Protein chains: 2
Amino acid sequence: MLDNNQTGAARGSWRDVAARLASEIEAGRWKPGDCLPVEAELCAWLGVGRHSLRRAISALASSGQLRVQQGAGTFVAQRVRLTYAIGARTRFSDIVRANGHVPSSQILSAETVDAPDWVATILGQGGPVHRIVALGLADEVPVCLTTGWYPAARFPDLIQRRCGHETISAIYTSHGLADYERRDTAISARPARPHEARNLALTLDRPVLVSCKVDTDRTHIAIGYSEAVWAAERVQFTIANPRNGART
Amino acid sequence: MLDNNQTGAARGSWRDVAARLASEIEAGRWKPGDCLPVEAELCAWLGVGRHSLRRAISALASSGQLRVQQGAGTFVAQRVRLTYAIGARTRFSDIVRANGHVPSSQILSAETVDAPDWVATILGQGGPVHRIVALGLADEVPVCLTTGWYPAARFPDLIQRRCGHETISAIYTSHGLADYERRDTAISARPARPHEARNLALTLDRPVLVSCKVDTDRTHIAIGYSEAVWAAERVQFTIANPRNGART
DNA sequence: AGTCATTTGTTCGTATGTATC
DNA sequence: TGATACATACGAACAAATGAC
């Protein structure tokens with residue numbers, strides 16, 4: 001939400017309230033992770049009605065400065081920002097470290113299922129696939145939620161090994177795919193969906209970046225598809241200029 | 001906005017109203033560009049208060065299905081979706097045509113100003129720069145808003161020629177920069193800012209993709225910086241795999 | 001150019017539901 | 001279980017933007 005706010009907010013309006021709260025947060029009146037006073041108290045302090053206060057809090061939550069939790073309270077959000085080189089075959093943990101943060105990851109689910117139609121189309125084959133969902137974090141702050149799809153027939157031991165913290169690259173390599181290629185990576189952005197917002201600790205309708213890529217063997221047969229959803233406020237992509245030859 | 005909505009909306013809630021409106025739109029009760037009935041009428045029709053209706057409309061506007069204009073009405077949004085290859089030196093108009101739409105563009109402003117500090121830092125020099133703001137459209141729907149900064153000393157005639165619909169590439173070329181290079185392109189996403197939302201016909205807090213790039217001559221001196229803001233819902237980027245060698 | 005009806009935007013008060021602790 | 005705190009809802013009034021006359 002928020003709005004055009006061209007001239008300056010009228011005294012007492014929700015825009016003004018949002019601005020006052022934002023400046024208090026900016027000034028450090030409450031630290032990241034702190035809980036704000038309850039609505040009634042804030043209403044009294046700011047001299048506005050509950051509707052205006054809630055509109056203001058809603059805007060700040062929507063802009064990522066606050067995190068609201070029903071029944072618990074309203075909290076000041078934490079911040080992290082990574083720079084991620086797309087295309088380079090660098091590992092998530094290395095990039096996080098290079099950005100000065102401590103990496104970690106969680107496998108949220110790993111199961112073998114029948115390929116949905118759209119996955120079968122992308123992989124060029126149906127049948128059972130491994131679906132692995134993982135969360136990547138930097139300093140304990142969730143950054144990306146990755147869903148990968150791999151033909152079960154080609155990688156029978158993939159789930160076991162991935163759960164043992166082996167990377168997908170390593171698993172490809174051990175299946176004789178050291179020279180696997182990558183089709184074009186697609187990048188788009190959209191508001192976070194409910195389960196993404198939950199896992200990435202975002203408000204709904206906060207933007208996420210989505211990167212989709214298909215890995216292929218040397219004969220251009222698809223061997224894996226993955227879709228990564230990134231909290232847009234916590235990452236920035238860079239794309240090496242092909243002409244500059246950033247490759248080794 | 002919106003919410004977790006885990007179990008399903010309670011009858012009469014704004015979520016239910018949003019779902020009913022969305023399904024009516026989906027069913028084609030109102031066509032893209034059409035104006036919805038006024039709030040009071042919709043309230044009566046749906047059997048809810050204005051508050052709930054507005055919450056529902058707000059969610060649909062926020063999700064890009066509706067466009068609300070104070071004093072005018074609430075309209076069903078139009079849709080466009082381009083696929084844009086990052087890195088390839090293709091012209092905007094060619095890409096739009098390749099996607100089956102009719103391209104057009106507007107120069108919103110072109111002026112020579114003193115370089116702000118951050119621009120001077122990027123360009124590696126201060127002094128006067130040309131700042132050109134242009135809007136790119138597909139089928140009359142705005143897609144991207146580009147702001148470019150170029151050293152005035154190096155391109156004295158840039159504004160005149162750009163206003164005459166010459167491309168930046170052509171102007172570079174005529175200054176003996178046919179082999180100009182491009183530093184890494186940075187991609188990020190965030191909610192639209194007020195002037196961006198206005199120019200791109202987006203709701204505030206709708207996501208935009210931002211691409212930033214620095215052009216350099218053969219000696220790696222910066223000759224231009226541009227920042228393009230794209231309506232995320234109307235574009236998707238693709239990045240050619242450097243190893244596949246998609247270049248000519 | 002100005003007036004006016006229309007339509008959405010904002011704010012208040014109040015009551016009740018629901019999640020968390 | 002109860003208390004706390006946020007979520008949702010209705011009603012009403014006025015402000016601000018738009019568009020037509």
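Chain letters run A, B, ... following the sequence lines, proteins first, then strands; residues in each count from 1. Treat the numbers as computed from the prediction; the structure is a model and nothing was measured.
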Seminar exercise, completed: Of the listed dC6(D), dG19(D), dT8(D), the closest approach to the Q69(B) side chain comes from dG19(D)
For this session: From the options dG9(C), dT10(C), dA7(D), select the nucleotide whose nearest atom is closest to the side chain of V68(A).
Result: dA7(D)
For this session: Could you tell me whether R29(A) atom CZ has more than 12 heavy atoms of other residues or ligands within 6.0 Å of it?
Result: yes
For this session: Rounded to the nearest angstrom, tell me the gap between atom CG in L42(A) and atom C1' in dC6(D).
Result: 12 Å
Problem set entry | Contacts of type side chain to side chain contact (heavy atoms under 4.5 Å, CB included), residue Q69(A), not counting sequence neighbours | R67(A), A72(A), F75(A)
For this session: Would you mind checking if R190(B) and E196(B) are paired as a salt bridge, meaning a charged N to carboxylate O distance below 4.0 Å?
Result: yes
Problem set entry | Nearest-angstrom distance from the residue atom CD of E39(A) to C1' of dT4(D) | 12 Å
Exercise. For G47(B) and P37(A), take the nucleotide of DNA chain D holding the closest heavy atom to each; which residue's nucleotide lies nearer the 5' end?
Worked result: P37(A)
Exercise. Can you find a side chain N or O atom of R50(A) that sits less than 4.0 Å from OP1 or OP2 on dA7(D)?
Worked result: no
For this session: Round to the nearest Å and state the distance from R15(A) atom CZ to dA15(D) atom P.
Result: 16 Å
Exercise. To the side chain of V38(B), which of dA7(D), dT10(C), dT8(C) is closest?
Worked result: dT8(C)
For this session: Find the distance I57(A):CD1 to dA5(D):P and express it as a whole number of Å.
Result: 13 Å
For this session: Return the 5'-most residue of the pair G49(A), Q70(B) with respect to DNA chain C, ranking by each residue's nearest nucleotide.
Result: Q70(B)
Problem set entry | Given dT8(D), dT18(D), dA7(D), the nucleotide with the shortest approach to the side chain of A72(B) | dT18(D)
Exercise. Between F237(A) and W230(A), what is the ring plane arrangement, given parallel below 30°, perpendicular above 60°, and tilted in between?
Worked result: perpendicular
Exercise. Rounded to the Å, how far apart are R67(A) CZ and dT20(C) C1'?
Worked result: 14 Å
Exercise. Is S52(B) near enough to dC10(D) that one of its side-chain N or O atoms lies under 4.0 angstrom from OP1 or OP2?
Worked result: yes
Exercise. Is any side-chain nitrogen or oxygen of R54(B) closer than 4.0 Å to OP1 or OP2 of dG9(C)?
Worked result: yes
Exercise. With respect to the phosphate group of dT11(C), does any side-chain polar atom (N or O) of R55(A) fall under 4.0 Å of OP1 or OP2?
Worked result: no
Seminar exercise, completed: The complete set of salt bridge (Lys or Arg N to Asp or Glu O under 4.0 Å) pairs with one or both residues in residues 103-117 of chain A, sequence neighbours excluded, reads E111(A)-R131(A)
For this session: Using atom CD of E41(A) as one end and atom C1' of dC6(D) as the other, report the distance to the nearest whole Å.
Result: 15 Å
Problem set entry | Any N/O donor-acceptor pair, H51(A) side-chain to dG13(C) base, under 3.5 Å | yes
Exercise. Between atom CZ in F75(A) and atom P in dC6(D), what is the gap in whole Å?
Worked result: 9 Å
